[in-house]
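Here the structure is laid out as structure tokens; the discussion comes afterwards.
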Amino acid sequence: MNRYGISVNVKNIPALDPEFTPLLKFNQAFLETATKPISIAVERADKQMATIHTKIHGTPEMAVADNYYVDRIVKTMLWLQGGFRVYVNDKAIYEYLCSVYCKGGAREFDWDFMSNIFENPFEVILTDDIPEEKNCPIPMGGHLEGCRIGFDAGGSDRKVSAVIDGETVFSEEVVWFPKITEDPQYHYDGIVSAFKSAAAHMPRVDAVGISSAGIFINNRTMNASLFLKVPKDLYEEKVKDIYIRAVKDTFGDVPYAVANDGDVSALAGTMSIKDTNVLGIAMGTSEAVGYVDEDGCITGWLNELAFVPVDANPDAMIDEWAGDIGCGVKYFSQDGVIKLAPRAGIELDESASPAEKLKAVQKLMAEDDPRAAKVYESIGCYLGHTLAFYHQTYGFRYVLLLGRVMSGKGGDLLLETCKHVLADEYPEVADKFQLTLPDEYFRRVGQSMAVASLPEVK
């Protein structure tokens with residue numbers, strides 16, 4: 001297949017998406033003829049840098065391919081590692097990036113989002129002095145000593161646990177409605193109520209760990225769907241430090257840590273398998289991802305792989321939130337199942353919710369319907385190609401697969417297909433990591449214990 005003037009060869013093609021073009025395959029084919037060196041760096045908080053040295057063609061005839069290749073690299077760096085300032089040492093590419101990362105540009109969503117969470121204007125800078133890679137992983141998690149609280153803020157319920165020396169002595173789930181509530185005092189009161197409920201079952205509180213979907217920088221809530229309805233001025237005043245205030249107001253000066261729930265799931269995976277270097281992927285409402293590195297640290301990266309491109313097909317499905325095409329959310333979530341089901345000849349009730357549509361396909365799969373099987377085989381094919389792509393950056397040893405899409409017979413077929421694609425098309429990568437599912441320990445106590453273990457008590 002031809003993509004932007006580049007010929008791309010793919011052996012394993014999803015039956016229900018024959019135009020799917022793995023971005024890794026496109027990149028490899030692009031680099032076979034690229035000769036002009038180029039360097040790109042993305043700066044995030046605390047002067048940390050993600051840097052890549054690569055090549056483009058640098059000719060007018062290949063400008064479209066060059067622009068697309070660099071655009072996908074920058075997009076990937078922004079959502080995988082995060083950042084608000086892009087450095088590049090090629091003038092033509094600099095001009096292209098300036099034209100899309102701006103108000104009214106094709107990447108306006110990314111430009112605005114990164115500006116807000118890093119609290120700095122988004123910039124593209126032309127320079128020959130490209131900063132080198134600099135990472136500061138956060139040594140967070142794995143601390144079990146003492147009396148700890150683990151709190152997980154979900155969109156439909158909040159969970160809290162009291163953990164004493166690694167043993168969960170109390171757990172509670174309470175239904176709440178944070179996504180439809182404008183007043184942040186409601187959220188604050190719910191958080192504090194959960195804290196006090198767990199504290200009542202321990203002689204003291206030595207530390208508090210908190211997890212939630214969202215982006216957290218230095219324990220501050222920079223973006224989170226729980227506070228969707230909170231007005232912007234109140235968000236700045238009452239939400240960004242809401243967990244910090246709740247801990248200090250309730251327990252005083254005790255250690256605390258706030259982390260993305262995807263990272264906490266990956267941390268729970270390391271505790272379950274008793275090893276490190278774990279990428280956790282939860283395929284549910286979206287594609288939620290977390291990573292724990294070789295040293296058992298949470299990296300501080302965004303790991304928002306739902307927005308990372310995986311498909312070089314110019315007619316790929318649009319992510320309605322970011323307005324971009326070919327990004328992970330449309331492949332590794334219930335959206336991916338819903339996208340493929342009609343192509344398999346499955347009629348879904350358009351009045352049903354996304355979760356109900358997923359359940360309808362899962363029911364067919366449980367009945368061994370061959371149409372549903374094609375859906376899961378196609379997603380497994382997507383995943384095989386994409387894990388080889390993700391491995392280039394993370395170098396993980398384990399991939400922990402979670403979420404509703406992975407449940408039942410469909411998840412088994414998805415996993416089987418993924419393994420086949422990896423072995424057949426990427427043998428040089430396939431034996432470098434293991435695919436794993438949550439074990440009983442993880443399901444029973446892993447998440448709550450992992451949350452509680454986030455802060456270190458000195």
> Just how far is it from atom SG of C136 to atom CE of M49, taken to the nearest 0.5 Å?
Replying inline: 11.0 Å
> Should S161 and V451 count as side-chain neighbours, where that means a heavy-atom distance under 4.5 Å?
Replying inline: no
> Among all residues two or more places apart in sequence or in another chain, which pass the side-chain contact (heavy atoms from CB on, under 4.5 Å) test with K432?
Replying inline: H391
>> Going by ring pair (Phe, Tyr, Trp, His ring centres under 6.0 Å), name the pairs with one or both residues in residues 236-283, residues two or more places apart or in two chains.
In response: F195-F251
> Under the side-chain contact (heavy atoms from CB on, under 4.5 Å) test, which residues partner A194, sequence neighbours left out?
Replying inline: F151, R158, V160
> So do Y235 and N116 actually touch side chain to side chain, heavy atoms under 4.5 Å?
Replying inline: no
> What distance separates L267 CG from T276 OG1, expressed to the nearest 0.5 Å?
Replying inline: 11.0 Å
> Looking at G154 and L226, what are the two nearest heavy atoms and their distance?
Replying inline: O-CD2, 3.3 Å
> Would F216 and T221 count as a side-chain contact (heavy atoms from CB on, under 4.5 Å) if you check the C-alpha gap in whole Å, the side-chain angles of each, and the deciding distance to 0.1 Å?
Replying inline: CA-CA 5 Å; F216 304 94; T221 308; 3.5 Å; yes
> Checking side-chain contact (heavy atoms from CB on, under 4.5 Å) for the pair D275/R397: CA distance, chi angles, key distance, verdict?
Replying inline: CA-CA 9 Å; D275 205 348; R397 255 200 321 276; 2.9 Å; yes
> Quick one: are M283 and R404 in side-chain contact, heavy atoms under 4.5 Å?
Replying inline: no
>> Are more than 12 heavy atoms, taken from residues, nucleotides or ligands other than E320, located less than 6.0 Å from that residue's CD atom?
In response: yes
>> Nearest 0.5 angstrom please: I52 CD1 to T393 OG1, how far?
In response: 7.5 Å
> Under the 3.5 angstrom rule, does the side chain of D206 hit a backbone N or O of C147 as a donor-acceptor pair?
Replying inline: yes
> Taking only residues two or more places apart in sequence or in another chain, which ones pass side chain to side chain donor-acceptor pair (under 3.5 Å) with Q185?
Replying inline: D189
>> Please report the interatomic distance CG(N27) to OH(Y68), rounded to the nearest 0.5 Å.
In response: 8.0 Å
>> Does I318, at its CD1 atom, have more than 12 non-hydrogen atoms belonging to other residues, nucleotides or ligands within less than 6.0 Å?
In response: no
With a cut-off of 3.5 Å and sequence neighbours excluded, list every side-chain donor-acceptor pair involving residues 346-354.
unit_1	atom_1	unit_2	atom_2	d
D349	OD1	S351	N	2.9
D349	OD1	S351	OG	2.6
D349	OD2	S351	OG	3.1
E350	OE1	K357	NZ	3.4
S353	OG	E356	N	3.2
S353	OG	E356	OE1	3.3

> Sub-3.5 Å donor-acceptor pair from the side chain of D157 to the main-chain atoms of V174, do we have one?
Replying inline: no
> So do L413 and M365 actually touch side chain to side chain, heavy atoms under 4.5 Å?
Replying inline: yes
> Given side chains that start at C-beta, do those of R245 and I242 come closer than 4.5 Å, heavy atoms only?
Replying inline: yes
> Would you call V163 and S453 a side-chain contact if the rule is heavy atoms closer than 4.5 Å?
Replying inline: no
> Hey, what's the ring geometry for F227 with H187, parallel, tilted or perpendicular (30° and 60° as the breaks)?
Replying inline: tilted
>> Run the side-chain contact (heavy atoms from CB on, under 4.5 Å) test against I138 and tell me which residues pass, sequence neighbours left out.
In response: M140
>> Just checking K159: does its NZ atom have more than 12 heavy atoms from other residues, nucleotides or ligands closer to it than 6.0 angstrom?
In response: yes
Just distance, no hydrogens or angles: give the donor-acceptor pairs under 3.5 Å from side chains in residues 366-389, sequence neighbours left out.
unit_1	atom_1	unit_2	atom_2	d
E367	OE2	K363	NZ	2.8
D368	OD1	K409	NZ	3.0
D368	OD2	K409	NZ	3.3
D369	OD1	R371	N	2.8
D369	OD1	R371	NE	3.1
D369	OD2	R371	NE	3.4
D369	OD2	R371	NH2	2.9
R371	NH1	G345	O	3.0
S378	OG	L16	N	3.2
S378	OG	K374	O	2.9
Y382	OH	D17	OD2	2.6
Y382	OH	K339	NZ	3.2
H385	ND1	Y426	OH	2.7
H385	NE2	N12	O	2.7
T386	OG1	Y382	O	2.8

> Does any N or O in the side chain of S225 come within less than 3.5 Å of the main-chain N or O of K179, such that one atom is a donor and the other an acceptor?
Replying inline: no
>> Distance check, rounded to the nearest 0.5 Å: R44 atom CZ versus K134 atom NZ?
In response: 10.0 Å
>> With side chain to side chain donor-acceptor pair (under 3.5 Å) as the criterion, how do S211 and D152 come out once you've worked through the C-alpha distance, each side chain's angles and the decisive distance to 0.1 Å?
In response: CA-CA 5 Å; S211 80; D152 180 61; 2.6 Å; yes
>> Could you go through M202 and I149, starting from their C-alpha distance and side-chain angles, then the distance that decides it, and tell me whether this counts as side-chain contact (heavy atoms from CB on, under 4.5 Å)?
In response: CA-CA 9 Å; M202 296 187 295; I149 290 175; 3.6 Å; yes
> Can any side-chain N or O of D46 pair as donor or acceptor with the backbone N or O of Q48 at less than 3.5 Å?
Replying inline: no
> When you measure from the side chain of R85 to the backbone N and O of E43, does any donor-acceptor pair fall under 3.5 Å?
Replying inline: no
>> Checking the side chain of S115 only, and the main-chain atoms of W111 only, is there a donor and an acceptor separated by less than 3.5 Å?
In response: yes
> For residues 221-235, which residue pairs qualify under salt bridge (charged side-chain N to carboxylate O under 4.0 Å, His left out), counting only residues two or more places apart or in two chains?
Replying inline: none
>> Are the side chains of I40 and M77 in contact, using a 4.5 Å heavy-atom criterion?
In response: yes
>> Run the side chain to side chain donor-acceptor pair (under 3.5 Å) test against E416 and tell me which residues pass, sequence neighbours left out.
In response: none
Scan the side chains in residues 295-308 for donor-acceptor partners under 3.5 Å anywhere in the protein, sequence neighbours excluded, and list what turns up.
unit_1	atom_1	unit_2	atom_2	d
T299	OG1	W301	N	3.1
W301	NE1	N135	OD1	3.2
N303	OD1	Y394	OH	2.6
N303	ND2	D263	OD1	3.3

> Distance from E182 atom CD to L228 atom CG, nearest 0.5 Å?
Replying inline: 10.5 Å
>> Using only atom types and a distance under 3.5 Å, with no angle test, would you say the side chain of R107 pairs donor to acceptor with the backbone of K75?
In response: no
> Can you check side-chain contact (heavy atoms from CB on, under 4.5 Å) on F433 and L422, steps first, answer last?
Replying inline: CA-CA 11 Å; F433 63 90; L422 280 165; 3.8 Å; yes
> Donor-acceptor pair, N277 side chain versus G395 backbone, under 3.5 Å?
Replying inline: yes
> Looking at residues at least two apart in the chain, or sitting in another chain, which of them share a side-chain contact (heavy atoms from CB on, under 4.5 Å) with N120?
Replying inline: F84
> Side-chain contact, heavy-atom cut-off 4.5 Å: I210 with L454?
Replying inline: no
>> Taking G214's backbone N and O only, do any of them form a donor-acceptor pair with N260's side chain (distance below 3.5 Å, no angle check)?
In response: yes
>> Give me each pair satisfying ring pair (Phe, Tyr, Trp, His ring centres under 6.0 Å) with a member in residues 153-179, each pair once, sequence neighbours excluded.
In response: F170-H201
